[in-house]
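Below is one structure; the comments refer to it alone.
Just so we're on the same page: letters track the sequence lines, and every chain starts at 1. Computed from heavy atoms alone, side chains included, the values below leave out hydrogens, waters and symmetry copies.
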Amino acid sequence: MSTQPTGTETGGSTYRFQDLEAKWGPVWEELGVFTPKDDGSAERRYVLDMFPYPSGDLHMGHAEAFAMGDVVARYWRQRGYDVMHPIGWDSFGLPAENAAIKRNAHPAEWTYANIDTQAASFKRYAISADWSRRLHTSDPEYYRWTQWLFTRFYEKGLAYRKDHPVNWCPKDQTVLANEQVVNGACERCGTPVTKKSLNQWYFKITEYADRLLQDMEQLKGHWPERVLAMQRNWIGRSEGAHVDFVIEAAGERPEHKVTVFTTRPDTLHGATFFVVAADADLASDLVTEAHRAELEAYQEQVKALSEIERQSTEREKTGVFTGRYAVNPLNGEKLPVWAADYVLADYGTGAIMAVPAHDQRDLDFATKFGLPVRAVLDTGEEDPAVTGLATTGEGILVNSGELDGLSKAEGIARAIEMVEAAGTGERTVNFRLRDWLLSRQRFWGTPIPIIHCAECGEVPVPDEHLPVRLPDNLRGEQLAPKGTSPLAAAEEWVNVPCPRCGGPARRDTDTMDTFVDSSWYFLRFVSPQYTEGPFDPEAAARWMPVGQYVGGVEHAILHLLYSRFFTKVVHDLGLVPFTEPFSALLNQGQVLNGGKAMSKSLGNGVDLGEQLDKFGVDAVRLTMVFASPPEDDVDWADVSPSGSGKFLARAWRLAGDVSSGAGADPASGDRALRAVTHRTVADCAELLDSGKFNVVVARLMELVNATRKAIDSGPGAADPAVREAVEATAVILSLFAPYTAEDMWSLLGHEPAVANAGWPAVDPALLVQDTVVAVVQVQGKVRDRLDVPVDITEEALRELALASEPVQRALDGRGLRTVIVRAPKLVNIVPA
RNA sequence: GCCCCCAUGGCCCAAUUGGCAGAGGCAGGGGACUUAAAAUCCUUGUGGUGUGGGUUCGAGUCCCACUGGGGGCACCA
């Protein structure tokens with residue numbers, strides 16, 4: 001007899017996942033069961049998985065993430081909500097361009113071919129997506145509105161250009177946002193990043209720093225705490241003061257006012273020198289002619305460092321004297337002004353007052369260059385000048401004039417009052433967050449809709465001329481990175497008349513970072529065919545915010561912060577009533593193999609397609625969900641897709657065994673099995689609401705085991721309670737294993753689709769037990785178990801417990817000190 | 001260096017939020033069926049919850065310290 005390696009057989013029928021996948025895929029396709037009604041007949045809910053980048057076919061990571069999102073979508077649908085669960089592609093980006101260069105092709109060819117591959121895989125994977133809302137960010141119909149939004153940002157002053165030292169990836173030949181630099185290297189290719197001074201486009205996300213921080217209050221409890229912590233960290237709010245220092249005139253150089261940011265104004269009297277960022281214009285402005293050559297040599301030296309070297313905290317401090325002196329506004333002391341690279345040009349004001357006694361970096365610098373150290377806060381520790389360790393704790397101010405005797409906190413408050421009174425400073429809040437550098441010198445992205453005119457300057461492309469389409473005549477080598485955008489080479493595309501004056505003008509040749517595209521796609525999904533704007537505001541108000549967002553924690557800062565920013569701007573434009581895009585966030589874990597992330601270099605990759613061929617879609621999906629809590633990593637070496645397959649076969653066989661007719665009244669069925677069924681349904685709902693998907697599967701396995709037992713050695717296959725149990729199993733299983741569940745539903749005599757069967761009703765009467773087992777402890781040790789009525793009184797239970805023979809034996813004649821009674825479950829007797 | 005999370009049978013993981021440590025699965029042992037095997041079914045768990053303290057009648061759960069693992073930030077003034 002020939003057997004399928006994965007088939008299991010009983011009573012003449014065999015579970016073959018291949019057959020089920022072939023049978024039900026087309027049926028669902030025809031039914032279109034996953035398009036929301038959007039008619040107000042049910043409460044709307046929006047479930048969204050972070051849309052994929054089309055790099056080849058789907059992989060194990062997609063399989064996990066989308067399995068999780070689909071559990072939520074399918075559960076909510078069973079609960080009767082009108083669920084929107086769309087799918088699309090983040091289809092602009094460098095890999096397509098690199099592939100095009102290599103194959104002398106257009107990036108669109110590679111991109112759309114991969115999208116087709118992934119779309120087919122998603123269908124096989126039975127994601128309950130609404131395919132009618134499908135979008136691709138590289139479609140002109142989409143990026144038209146990315147450009148439209150850019151124009152709105154521009155009009156509000158939230159998109160601007162500036163000359164600034166930027167992160168430059170020498171390999172990708174493009175600039176990078178701060179968020180895309182990881183440990184001094186390009187997050188995409190790992191190449192050490194260098195600095196380059198360029199004129200680039202920025203979004204003024206810093207203007208929203210406070211709101212991005214404040215509004216996280218709404219997300220608490222619904223977003224993973226660590227994501228909120230990372231964003232908080234990234235925004236980096238710090239309270240302190242701006243203090244003005246006057247730089248004395250020196251020879252040909254006039255007097256100059258420089259503001260510093262400090263979190264420790266209480267230590268103003270401890271400032272012994274002053275430092276400006278070496279790479280800031282300020283350094284060159286201040287330096288005297290006598291010191292200019294030295295500064296310039298130093299600046300060259302700084303520029304030559306890679307970001308990795310520059311960020312090393314091991315590195316010795318370097319710097320040069322500028323020949324100038326700053327006057328301490330509090331005590332009139334003259335402080336030498338140095339230029340150094342440990343002060344950052346783009347944090348605070350790019351200049352600091354150095355207090356070596358109470359700041360380790362300043363102390364290291366002072367030690368290196370023989371500058372004085374003066375402690376002004378007595379912390380009870382040894383003198384930093386002697387130990388080389390700056391003191392940063394609490395203490396009492398000394399050597400600080402009228403601040404003497406105050407605590408650190410009092411000193412900070414008083415010092416701010418003093419500079420404010422003197423008009424030389426003010427309380428302020430500073431953020432670590434920098435503006436978002438959005439322009440890229442590459443081809444395959446959204447063109448920046450700006451025209452540069454010699455007469456009119458920057459002129460936005462009028463809305464009615466959008467989209468600014470990418471030229472389609474560039475391919476292969478013409479797209480090779482050369483440090484300027486390949487678009488610049490498309491002369492007939494670049495040269496256009498100025499929309500304002502009609503004179504000769506040139507298009508901006510940079511494209512947008514793909515994170516711009518993905519910062520609003522969740523809005524486009526609410527009305528993907530809308531032509532009057534990026535989205536229909538009414539549809540957005542109906543569907544948004546997203547009720548459950550699912551994706552990897554690698555986007556904790558980048559995508560999620562940018563999307564929050566975009567949503568706030570769109571809110572300020574009056575287009576949406578809400579200020580946060582994602583009410584709840586689930587970060588699914590990674591799929592590992594043998595304790596490590598799958599990677600080509602380790603050779604431990606697992607191919608999703610092979611797994612699906614071998615075990616079936618349902619078994620792979622079930623394995624992903626059952627392996628661990630959703631947010632934990634899944635190690636493919638530790639799990640058993642074949643075990644999942646066995647369970648599915650076991651569940652499926654139940655449906656074939658049911659011998660009562662569809663519609664049989666369960667009321668007459670076996671009460672014990674009914675109680676298990678209803679308990680399971682009730683518990684699963686609670687578990688799904690709290691995201692414990694793995695436990696739901698475990699509970700479902702229990703139900704299947706109980707049902708098997710009922711058929712084989714209980715009331716038998718004809719008992720209506722068995723049908724009730726199997727129907728509940730099919731519905732719950734449909735969240736994880738849609739093919740198997742659908743076939744069970746069909747075997748039970750129902751029409752498709754089980755996805756719309758509705759969550760089983762729970763009869764509360766079946767959840768209450770009339771007796772429970774009460775545990776009787778003596779000194780915390782279990783001595784007896786009593787069958788008692790659930791509603792037993794404390795007194796009655798106490799009496800029963802004390803009367804128990806094993807308890808009396810354990811007490812051994814000792815008297816009672818305390819008896820704790822928690823009716824009906826527990827009695828703890830403490831002997832005297 | 002700073003911050004956050006985690007630690008339960010050989011492994012992946014539950015434990016109604018302070019009340020009997022073990023639900024589910026994997027692996028392993030035993031058995032039924034079979035000429036045999038596969039498949040299927042039945043059956044099988046002293047590890048006391050990383051370590052040391054503490055609170056409590058009672059701690060996997062709360063508090064403190066430590067160890068181990070994972071993650072984030074890191075010249076941010």
Side-chain angles (χ1 to χ4, degrees), chain A residues 1 3-11 14-15 183 224-230 232-234 236-238 240 260-264 267 275 310-315 317 340-344 346-355 358-362 364-365 430-434 553 556-557 622-623 626-629 631-635 637-644 646-647 649-650 653 683 686-687 692 694-705 708-709 712-713 773-783 785 817-822 825-831:
Chain A
M1 186 178 75
T3 51
Q4 279 291 329
T6 46
T8 72
E9 197 171 340
T10 186
T14 305
Y15 175 81
N183 293 326
E225 185 48 47
R226 64 173 172 156
V227 173
L228 295 177
M230 284 163 74
R232 210 176 288 124
N233 209 327
W234 190 262
R237 182 179 199 273
S238 72
V260 302
F261 173 72
T262 178
T263 55
R264 294 295 304 278
T267 62
V275 189
R310 207 195 61 73
Q311 284 181 6
S312 164
T313 46
E314 315 291 287
R315 195 164 63 93
K317 294 279 179 287
D341 67 352
Y342 85 92
V343 170
L344 307 177
D346 53 2
Y347 181 77
T349 61
I352 64 156
M353 64 174 202
V355 184
H358 306 297
D359 184 290
Q360 191 60 46
R361 296 154 301 177
D362 295 344
D364 293 344
F365 193 84
N430 195 57
F431 293 94
R432 205 194 79 117
L433 184 68
R434 315 288 156 82
V553 74
I557 297 170
L622 189 76
T623 302
F626 181 51
S628 61
E631 56 277 9
D632 286 9
D633 291 344
V634 175
D635 193 329
D638 288 340
V639 297
S640 172
S642 64
S644 298
K646 270 199 260 181
F647 165 72
R650 196 169 146 81
R653 261 182 275 113
D683 287 354
E686 206 168 293
L687 290 162
K692 297 177 179 176
N694 55 325
V695 189
V696 173
V697 177
R699 298 304 307 276
L700 196 57
M701 288 172 169
E702 283 184 77
L703 177 59
V704 166
N705 291 343
R708 180 82 262 156
K709 216 167 249 174
D712 290 349
S713 55
V773 176
V775 171
V776 186
Q777 302 174 331
V778 177
Q779 258 178 324
K781 280 199 172 128
V782 180
R783 296 298 182 183
R785 289 160 211 276
R817 197 169 82 192
T818 327
V819 179
I820 288 112
V821 183
R822 294 283 178 273
K825 291 172 72 176
L826 179 129
V827 179
N828 188 16
I829 298 164
V830 187

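Comparing B:C73, B:C75, B:A77 by their nearest atom to the side chain of A:Ser238 picks out B:A77. Ranking B:U40, B:A23, B:C73 by closeness to the A:Glu702 side chain, first place goes to B:A23. Looking at the side chain of A:Ile352, the nearest of the listed nucleotides B:A74, B:C41, B:A77 is B:A77. Across B:A77, B:C13, B:U40, the shortest atom-to-atom separation from the side chain of A:Val343 is found for B:A77. Considering only the side chain of A:Asp359, B:A77 comes nearest among B:C73, B:A77, B:C57. Distances from the side chain of A:Val695 to the nucleotides B:C75, B:C57, B:A23 place B:A23 closest. In the set B:U16, B:C41, B:C57, the nucleotide with an atom closest to the side chain of A:Arg817 is B:C57. Here the side chain of A:Ile820 is nearest to one of B:C73, B:A77, B:C57, namely B:C57. With B:G25, B:A23, B:A77 as the candidates, the nucleotide lying closest to the side chain of A:Ala698 is B:A23. Closest to the side chain of A:Ser628, from the set B:C13, B:U40, B:C73, is B:C13.
Note: A:Phe365 and A:Tyr342 have tilted aromatic rings, judged against thresholds of 30 and 60 degrees for the angle between ring planes.
Residue A:Asp683 contributes atom CG, which lies 8 Å from atom C1' of B:U16 at whole-angstrom precision. Nucleotide B:A7 holds its P atom 14 Å from the CG atom of A:Asp633, rounded to whole Å. The interatomic distance linking A:Phe626 (CZ) with B:C26 (P) rounds to 8 Å, in whole Å. Rounded to whole Å, atom C1' of B:C12 lies 17 Å from atom CZ of A:Phe647. Rounded to whole Å, the distance from NE2 on A:His358 to C1' on B:A77 is 14 Å. Straight-line distance from the CG atom of A:Asn694 to the C1' atom of B:C12: 10 Å, rounded to whole Å. Between the P atom of B:A77 and the CZ atom of A:Phe261 lies a distance of 7 Å, rounded to the nearest Å. The nearest whole Å value for the distance from the CG atom in A:Asn705 to the C1' atom in B:U40 is 14 Å.
Phosphate proximity of B:G72 to A:Arg232: absent, as no side-chain N or O sits under 4.0 Å from OP1 or OP2. When the side-chain nitrogen and oxygen atoms of A:Arg650 are compared with OP1 and OP2 of B:C41, one or more of them lie within a distance under 4.0 Å. Phosphate contact (OP1/OP2 of B:G19, side-chain N/O of A:Asn828, threshold under 4.0 Å): absent. Between A:Lys692 and the phosphate of B:A15, there is a side-chain N or O to OP1/OP2 separation shorter than 4.0 Å.
Contact annotation for A:Thr818: no contact, since no heavy-atom pair falls under 4.0 Å across all strands. Residue contacts shown for A:Gln777 include a base, since a base heavy atom lies under 4.0 Å away. Using a 4.0 Å heavy-atom criterion, one finds that A:Val775 contacts the bases of the nucleic acid, with or without backbone contacts as well. Backbone-only contact: A:Pro629 has heavy atoms under 4.0 Å from sugar-phosphate atoms and none from a base. A:Arg434 comes within 4.0 angstrom of a nucleotide base, judged by non-hydrogen atoms across all strands. Residue contacts shown for A:Val553 are absent, as no nucleic acid heavy atom lies under 4.0 Å away. If you check every strand for non-hydrogen atoms under 4.0 Å, A:Ala627 touches sugar and phosphate atoms only.
Side-chain to base pairing of A:Arg822 with B:G19: one donor and one acceptor N or O lie within less than 3.5 Å of each other.
Across every strand in view, B:A36 sits unpaired, with no contact that passes the Watson-Crick or G-U test at under 3.5 angstrom. The nucleotide B:A15 finds no pairing partner, because no Watson-Crick or G-U wobble arrangement with both distances shorter than 3.5 Å includes it.
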**OP:** Could you walk me through whether A:Asn705 and A:Arg650 pass side-chain hydrogen bond (donor to acceptor under 3.5 Å, both in side chains), step by step?
**Re:** CA-CA 9 Å; A:Asn705 291 343; A:Arg650 196 169 146 81; 2.4 Å; yes
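Taking OG1 from A:Thr263 and CG from A:Asp359, the interatomic distance works out to 8.0 Å, rounded to the nearest 0.5 Å.
Along RNA chain B, the nucleotide closest to A:Thr263 and the one closest to A:Val773 are compared, and the more 5′ of them pairs with A:Val773.
Residue-environment remark: CD (A:Glu631) exceeds the threshold of 12 foreign heavy atoms within 6.0 Å.
For B:U55, the base is anti relative to its sugar; the glycosidic angle deviates from 0 by more than 90°.
Without hydrogens or angle criteria, A:Asn430 side chain to A:Ser238 main chain gives no donor-acceptor distance under 3.5 Å.
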